[in-house]
Enquirer: 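Quick one: the structure is below, and I'll ask about it shortly.
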Number of protein chains: 2
Amino acid sequence: MHPKIATGERPEQDQSHSINFSIGDLAQEFGITTRTIRYYEQQGLLDPERHGIQRLYQRRDKIRLKLILRGKRLGFSLVEIAEMIAMYDAESGEIGQLHYFLERIDDRKQRLIQQSHDIEQTLAALSRIEQGCREQLAVLEQHSRD
Amino acid sequence: MHPKIATGERPEQDQSHSINFSIGDLAQEFGITTRTIRYYEQQGLLDPERHGIQRLYQRRDKIRLKLILRGKRLGFSLVEIAEMIAMYDAESGEIGQLHYFLERIDDRKQRLIQQSHDIEQTLAALSRIEQGCREQLAVLEQHSRD
DNA sequence: ATTGACGTTTACGTTAACGTCAATTTACCT
DNA sequence: AGGTAAATTGACGTTAACGTAAACGTCAAT
């Protein structure tokens with residue numbers, strides 16, 4: 001009689017709203033492969049518990065994964081993301097460390113602000129192109145109505 | 001007597017505000033390597049004139065390069081950027097082509113909007129971390145004043 | 001005539017971020 | 001108990017976006 005550990009109900013206390021997740025669960029939920037998740041762990045971005053040999057993920061791991069994927073969408077490298085995660089847990093700091101963090105934070109902020117401008121420009125450009133396309137289409141479809 | 005062609009003055013008409021640029025000029029201006037510029041050309045993102053064997057860049061090439069680098073900052077692949085450039089010159093369109101473009105444009109817009117949200121979240125998170133760091137620093141520096 | 005700064009092509013090397021087996025173990029269902 | 005689906009580690013493969021080096025041509029200045 002092996003209790004089902006991975007998704008949901010633990011033997012000790014019965015929580016119907018799942019609290020433990022298998023690697024497959026996470027993969028599906030986030031639309032990535034298990035390989036990717038293991039790779040992130042190998043790079044030090046995740047550190048799930050183990051039940052024997054199997055990985056057991058929980059809410060904190062999900063939150064991290066969210067952070068990671070958000071970082072990726074913004075073009076950060078995994079190393080950079082790892083740094084940011086490290087900063088989250090940074091009450092541990094010595095003074096030097098903290099000053100270093102503040103610098104990095106400022107860098108990241110600058111970069112994000114730059115990106116924000118880039119997005120504005122690009123959205124505007126895309127809208128212009130879109131408009132052009134629609135006009136062309138109007139012309140062409142008019143012609144083809146003869 | 002060989003006229004200097006690359007940067008600025010052509011023999012025929014004297015324009016004091018440079019109109020032609022060497023690959024080195026561009027590299028320096030944009031802070032990238034010549035290798036990178038040639039690579040972009042090889043991937044079909046640039047198509048400079050030639051004076052003999054040498055590449056001659058002009059304003060339009062600069063504008064393209066700006067577009068390329070902006071795209072890169074947003075995490076677009078070179079292929080995606082090439083597509084966008086193609087869309088710029090898209091009066092050439094057949095109907096199918098135009099519809100395809102409109103779809104792609106919508107994709108890109110969605111993605112940019114997502115990124116915009118991600119930036120908000122990340123900036124907010126970074127500000128919180130920054131605040132935490134500053135507080136820790138205040139504590140530590142107070143302690144070290146004894 | 002040589003030197004030095006720049007340009008050219010060709011080609012192989014490198015790194016990040018996974019994909020893709022393969023061989024094996026574990027979990028779950030009947 | 002036995003079969004199948006899912007998990008594990010390990011290893012090699014792959015792609016994009018350049019880096020780097022070699023081997024050479026061109027031109028201006030010394």
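Below, chains carry the letters A, B, ... as their sequence lines are ordered, and counting in each starts from 1. Below, all heavy atoms of this structure are taken into account, side chains as well, without hydrogens, waters or symmetry copies.
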Enquirer: Is any side-chain heavy atom of A/Tyr40 closer than 4.5 Å to one of A/Arg35?
Expert: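 They are not in side-chain contact.
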
Enquirer: When you measure from the side chain of B/Gln54, which nucleotide among D/dT8, C/dG7, C/dC18 comes out closest?
Expert: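 Minimum distance to the B/Gln54 side chain belongs to C/dG7.
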
Enquirer: Select one nucleotide: of C/dT8, D/dT9, D/dC18, the one nearest the side-chain heavy atoms of A/Arg50.
Expert: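 The answer is D/dT9, which lies nearest to the side chain.
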
Enquirer: Among the nucleotides C/dG19, D/dG19, D/dA17, which one has an atom lying closest to any side-chain atom of A/Thr36?
Expert: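 The nucleotide sitting nearest to the side chain is C/dG19.
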
Enquirer: Indicate whether the side chain of B/Gln115 and that of A/Arg73 have a donor and an acceptor atom separated by less than 3.5 Å.
Expert: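 A/Arg73 and B/Gln115 do not have a side-chain donor-acceptor pair below 3.5 Å.
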
Enquirer: Determine whether a donor-acceptor pair (N or O, by modelled atom type, separation under 3.5 Å) exists between the side chain of B/Thr122 and the backbone of B/Asp118.
Expert: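 Side chain of B/Thr122 to backbone of B/Asp118: a pair is present.
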
Enquirer: Has B/Thr36 got a side-chain atom pairing as donor or acceptor with B/Ile32's backbone, closer than 3.5 angstrom?
Expert: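 Checking the backbone N and O of B/Ile32 against the side chain of B/Thr36, no donor-acceptor pair under 3.5 Å is found.
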
Enquirer: Find the distance B/Gln42:CD to C/dT9:C1' and express it as a whole number of Å.
Expert: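 From B/Gln42 CD to C/dT9 C1': 10 Å.
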
Enquirer: Identify whether any heavy atom of A/Thr33 sits under 4.0 Å from a base atom; if not, whether one sits that close to sugar-phosphate; answer base, sugar-phosphate or nothing.
Expert: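 The residue A/Thr33 makes sugar-phosphate contact but no base contact.
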
Enquirer: For D/dC18 and B/Lys72 - does any side-chain N or O of the residue sit under 4.0 Å from the phosphate oxygens OP1/OP2?
Expert: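 Result: yes.
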
Enquirer: From C-beta outward on A/Tyr39, which listed nucleotide comes closest to its side chain: C/dT20, D/dA7, C/dA17?
Expert: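 That would be C/dA17.
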
Enquirer: A/Arg38 side chain: which of D/dA17, C/dC18, D/dT8 is closest?
Expert: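 It is D/dT8.
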
Enquirer: Quick check on D/dA6: is either OP1 or OP2 less than 4.0 Å from any side-chain nitrogen or oxygen of A/Thr34?
Expert: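 For D/dA6, neither OP1 nor OP2 has a side-chain N or O of A/Thr34 closer than 4.0 Å.
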
Enquirer: Is it true that the NZ or CZ of B/Lys62 lies under 6.0 Å from the centre of B/Tyr57's six-membered ring and within 45 degrees of the ring axis?
Expert: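 Checked: cation-pi criterion not met.
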
Enquirer: So do the side chains of B/Asp106 and A/Leu126 get within less than 4.5 Å of each other, counting heavy atoms only?
Expert: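 Not in contact.
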
Enquirer: Taking Watson-Crick and G-U wobble pairs with both distances under 3.5 Å, convert DNA chain D into its dot-bracket string, 5' to 3', dots for unpaired and | for cross-strand pairs.
Expert: ||||||||||||||||||||||||||||||

Enquirer: Pick the closest DNA chain D nucleotide for A/Ile53 and for A/Arg35 by heavy atoms, then say which residue is nearer the 5' end.
Expert: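 Comparing both residues, the 5'-ward one is A/Ile53.
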
Enquirer: Inspect the contact between A/Glu41 and A/Arg50 and indicate whether a charged nitrogen and a carboxylate oxygen are less than 4.0 angstrom apart.
Expert: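 Yes, this pair counts.
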
Enquirer: Does A/Ser22 have a side-chain nitrogen or oxygen under 4.0 Å from the phosphate oxygens OP1 or OP2 of D/dA7?
Expert: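 Checking A/Ser22 against D/dA7: at least one side-chain N or O falls below 4.0 Å of OP1 or OP2.
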
